[in-house]
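Scope of the values below: all heavy atoms of this structure, side chains included, with no hydrogens, waters or symmetry mates. Remember, predicted model here, so these are calculated numbers, not experimental data.
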Amino acid sequence: MSTTKSPSATVEGQKGAYNPKEVESKWTQYWFEREVFDLDIIPDKPRFSCALPPPNITGSLHMGHALNGTLQDVLIRLKRMQGYNVLWQPGTDHAGISTQMVVERKLKKEGKSRRDLGREAFVEQVWKWRHEYGNTILEQYKRLGVSFNWDRLAFTMDEGYVKAIYRAFVTLYKEGFIYRGHRVTNWCPRCLTSLSDLEVEHQEVHGHLYLIKYPLVGESGGLTVATTRPESMLGDVAVAVNPEDERYKKFIGRTVKLPLTERELPVIADSYVDVEFGTGCLKITPAHDANDWEVGQRHNLPAPVVIDAEGKMLANEYVPKQFHGKDRFITRQGVVEELKQQELLVEIQDYVHGVGHCERCHTVIEPYLSDQWYLSMKELAEPAIKAVEEGRVVFIPERYASTYLDWMQNIRDWNISRQLWWGHRIPVWTCEECKHRDAFETAPEQCPQCGSKKLEQDPDVLDTWFSSALWPFATLGWPQETNELKVFYPTTILSTAREIINLWVARMIFTSLKFLKTIPFKHVLIHPVIQTPDGKRMSKSKGNAIDPLDMIDRYGADANRFWFTSVGIKGDQDVRFREDRLEEYKRFSNKLWNAGKFVLAQLEGYTPKGIEADKLTLADRWILHRYNVMLRNVNVAFNNYDFDDAAREIYDFTWDYFCDWYIEIAKIQLAQEGTAEQTRRVLHVVFEGLMRAMHPITPFITEELWSKLPKSELFTQLDSIMFAPYPREDERFFCEEAENEMSLVMKIIRSIRNTRQTFNVPAGSEADVILHIGDAGEKAILEKMTDYIKRIARAGQLTFASDSSMPPRSAWEQVASSKVIVPLGALIDVEKTREKLQQRKQAVEKDVQKTKQILDSADFRKKAPPEKVQSIESQLAELEKQLNSIDAQLKMLE
RNA sequence: GGGCGGUUAGCUCAAUGGUGGAGCACUUCGUUUACACCGAAGGGGAUGGGGGUUCGAAUCCCUCACCGCCCACCA
């Protein structure tokens, strides 16, 4: 057994207060020195595994990471203690666009661009950056105390991981799921790459709807079209109307002149046109609008390109000279001016509409005609839909299943190519000689068809999410059949943010079903979003984000973790950040610390021994009951992912039951020879168990206190509390009797305190108390507890009266069938007493009225269950009895 | 445009259809040797509005308002 030393020895100079910083750095260092986080595969145990959503290497820890990291760590630590074979796979994502942006920005400061360096040198620069800064966020995670398997850090550009990506790509390619598509896609003119639909953020923009007249050729009049992007009209090839539209039927097949140019456009009919919207005439610009592209395809129209990749107007025959090379938004103004002058601008309406922005740099997306690699989704989505519909993959809260299903059921093909340099280069090579094109897992030396060595690899890289999609199995070594895959796959849970359900979760599900023939995880936990104190979205760029590291500095990691746990994942998922909640849990840490100090002081030289049930006092039996009830509730709550319930159970037990009541009673019992020994045993059992019960939530403080507690032989051999078994309730200690008896004692004590305060009995004076207890059984219980009641309620003499009469000038309170009487004698303030009695009378009268209302209401007696009726009736009787007493007392004062 | 979530004490949140709770803040008292980052007591609420179901609604149904989020190819 280790020697027991007061933990305050480690926190000198601070009376009583818990110092989280010191304890946290001490144990972080210890944990890493002992390598407690290294993976240890235990055969023949059930598994619990989970992959950390890999943060971007450019990232820094924000509230979402901290919250999600905590929730996962709570489960991981819990399951580890419950004897599961546990894996928590950590790692980072190379984050294509983000990382390329960061390094480009850095180069820009040095006056260079990536083109100056060339592809190879640039990628080298990014790697350099990655080695220098890429693990920042993981270091920040350490402050939170997360128990990743740190020896298994993965990165989406690790050698093995890259093999997985190429295996996946080539397989999909050979099976025909990946194809080259020529069409209009989302394009960021700043990042100079295409984007998938999910990487486009729709923001509400206050813009304009321009109504422009296209004159008819060879006759007077014209058609008026509506557009939000007049500059794109230069690429128009037709005006479309709905074939059913009576207003325009007659124009179909005629010709209009495109303003600002000499071009003539046909008027065509297409049911895509909405008769209700705008003028009912739609200009068709196939190269610069995804829908127009479709219309153009249907009608075999050309697709002239007028805007280039950087969002500037092209210098070609479609664009009037004055706009050549001009930015798209400047051109918009120019086109509008020109139209005004030619009196072809019919109207400008204010118009609020959703405009796509680049998720990374917030530039307005330009629909852009290009060749991209697409993944055909329909067939791949089907089994993934089934997996969720059939409950093999379960979302928690379950409502998020519909977010997923809605997306998957309306799935569109996925553009997986990006025109970037940082990422996984698309493993497709084309023979320069015979133009044969194919995908290869490793670079081919020669063309398999003609043998030529002149092969060119596709310049594009894969969408970052293509590699993330493989995360749960690629990190475990797939496509190799590793032991880790065998032991830990499919994983148990995935805990993540709701905003990436489609972007990431959906894609892991379909890739896993495709390549592993099984689901990637059983439960998908969707955690809440922490908002600013006034309910806004936290955003680094807006400067309203709260840094979790600051909060850890200020309140301690455990306090932060406790708050995250108490937030839970079930209820409201928009959680406002409130610093006073952290304050609360910091105080809780302090409370626990001081309780620990007390317990440790009592256990000096103590050797753990079993509890002897027949020697327990009421208070002992009561706290053991409460303790085991708490354990039961906590286990149930965790099992259902009710983190908030578990946190509340632990908080309330610790503060309200253990500290406020049991420790106070223990002080009395410890001073008496007959009860001292069992009290120490109970204190030890409960407090030691409480440390283990809390450890998943608050690893630092529990590790510190537990390390100082006397422990049984088995436990002293453990490197850390994290390997100790998680406590479960022992039903033998459930004791409703103790619960009832103790709650009676507590009620009486509260009543004495209340009466003293109400009548201003000075705290220093020990007022005598008379108890008239109506029930003989209750009286017996209370008589046994006389010493405790006297001490805790600070009573002088405590006597039991056989009738309810009381000395004149007494203050009193009714508790169930009993009366708590405090004779005040000379202490009494007649006016004050009368005032208080009147107040109390009013309160009781209000209750009487309420109760009568229930009883008198229509069919209550007829239809409510009899036991309910009876209980309300007895309540009424009780209240009326109280009223009588109050009246009697008032009379006595006259 | 579609969908989801929320609206309870001054603030942040709890409450199997049965007389609405906690923490913070506020008021009063208190340094009793684990803790003043504490203890004790207290004040404070037509549960967003309006309908409906029910003996009984914060809770179930309808509707409106406001807040937040996701999805969406209506120019």
Side-chain angles (χ1 to χ4, degrees), chain A residues 6 8 15-18 184 197-198 202 209-210 225-229 232 240 272-274 276-279 281-285 289-294 351 353-354 356 367 397 399-400 402-403 406-407 410 412 498-499 501-502 528-529 531 533 535-537 566-567 571-578 580-581 583-602 644-645 648 651-652 656 659-660 663-664 667 750 753-758 760-764 791-794 847 850-851 853-854 857-865 868-869 871-872 875:
Chain A
S6 166
S8 59
K15 199 180 132 215
Y18 174 56
V184 172
D197 298 332
L198 286 171
H202 290 269
L209 192 60
Y210 301 88
V225 303
T227 180
T228 54
R229 301 192 300 144
S232 72
Y272 165 70
V273 180
D274 182 349
E276 304 289 318
F277 190 87
T279 59
C281 295
L282 175 64
K283 65 190 222 30
I284 301 298
T285 324
D289 183 286
N291 297 308
D292 292 7
W293 171 256
E294 301 292 325
Y351 187 59
H353 60 139
R399 61 176 178 272
Y400 289 108
S402 69
T403 301
D406 285 351
W407 167 258
N410 298 298
R412 299 163 70 201
R498 62 193 181 207
E499 63 189 21
I501 289 174
N502 299 325
V529 173
Q531 303 176 328
K536 298 279 182 290
R537 191 191 185 91
S566 74
V567 160
D572 187 0
Q573 290 229 327
D574 300 315
V575 177
R576 294 179 181 207
F577 176 80
R578 290 287 304 185
D580 55 11
R581 297 311 299 263
E583 183 75 42
E584 179 186 351
Y585 293 121
K586 182 188 167 207
R587 274 199 288 265
F588 180 68
S589 305
N590 193 59
K591 186 76 178 173
L592 184 72
W593 179 256
N594 280 293
K597 256 181 5 187
F598 172 80
V599 171
L600 286 170
Q602 307 313 317
D644 44 341
D645 288 345
R648 201 174 16 248
Y651 186 99
D652 290 347
D656 297 346
C659 291
D660 282 353
I663 284 186
E664 292 311 312
K667 285 175 188 169
R750 285 202 190 97
R753 285 170 169 169
N754 181 317
T755 309
R756 290 173 56 100
Q757 294 241 3
T758 305
N760 291 338
V761 177
R791 166 130 175 212
I792 293 171
R794 297 183 62 68
D847 284 348
K850 262 191 189 167
T851 314
Q853 241 171 38
I854 295 171
S857 64
D859 292 331
F860 178 73
R861 287 171 192 282
K862 245 187 278 170
K863 298 197 177 171
K868 191 74 205 168
V869 177
S871 99
I872 303 252
Q875 267 176 34

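- The separation of G48(B) from G68(B), taken at their C1' atoms, amounts to 16 Å, rounded to a whole angstrom.
- Of the candidate nucleotides A72(B), G23(B), C4(B), A72(B) has the atom lying nearest to any side-chain atom of W407(A).
- Of the candidate nucleotides U32(B), C67(B), A34(B), A34(B) has the atom nearest to the side chain of N594(A).
- Looking at heavy-atom distances under 4.0 Å, R498(A) makes contact with sugar-phosphate atoms alone, never a base.
- Between K586(A) and D645(A), it is D645(A) whose nearest contact on RNA chain B lies nearer the 5' terminus.
- Which of A41(B), U12(B), G23(B) sits closest to the side chain of Y651(A) comes down to G23(B).
- Judged by distance alone, with hydrogens and angles left aside, K862(A) brings no side-chain donor or acceptor close enough to the base of C55(B) to form a pair under 3.5 Å.
- A sub-4.0 Å separation between OP1 or OP2 of C55(B) and a side-chain N or O of K863(A) is present.
- Counting non-hydrogen atoms under 4.0 angstrom, R581(A) reaches a base of the nucleic acid.
- Between K667(A) and U33(B) there is no side-chain polar atom (N or O) within less than 4.0 angstrom of OP1 or OP2.
- Remark: the separation of the C1' atoms in G18(B) and U54(B) is 12 Å, to the nearest Å.
- For the OP1/OP2 pair of C13(B) and a distance below 4.0 Å, the side-chain nitrogens and oxygens of R648(A) include no atom meeting the criterion.
- Regarding N754(A), its CG atom lies at a distance of 16 Å from the C1' atom of G30(B), rounded to whole Å.
- With salt bridges taken as basic N to acidic carboxylate O contacts below 4.0 Å, one links E664(A) and K667(A).
- Across all strands, K283(A) comes closer than 4.0 Å to no nucleic acid atom at all (heavy-atom distances).
- In this structure, F277(A) and Y351(A) have perpendicular ring planes: the angle between them is above 60°, well past the 30° mark.
- In the set C37(B), C74(B), C55(B), the nucleotide with an atom closest to the side chain of D274(A) is C74(B).
- Side chain of R756(A) to backbone of R794(A): a donor-acceptor contact under 3.5 angstrom is found.
- Within the structure, a side-chain polar atom (N or O) of R587(A) is placed less than 4.0 Å from OP1 or OP2 of C38(B).
- At a cut-off of 3.5 angstrom, the base of A75(B) holds no donor-acceptor pair with the side chain of E276(A).
- Checking G23(B), A41(B), C55(B) against the side-chain heavy atoms of F860(A) singles out C55(B) as nearest.
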Using a 3.5 Å limit on both pairing distances, list the dot-bracket string of RNA chain B from the 5' end; Watson-Crick and G-U wobble pairs count, crossing pairs take [ ], interstrand pairs take |.
(((((((..((((....[..)))).(((((.......))))).....(((((..]....))))))))))))....
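- The residue T851(A) sits close to a base: some heavy atom pair falls under 4.0 Å.
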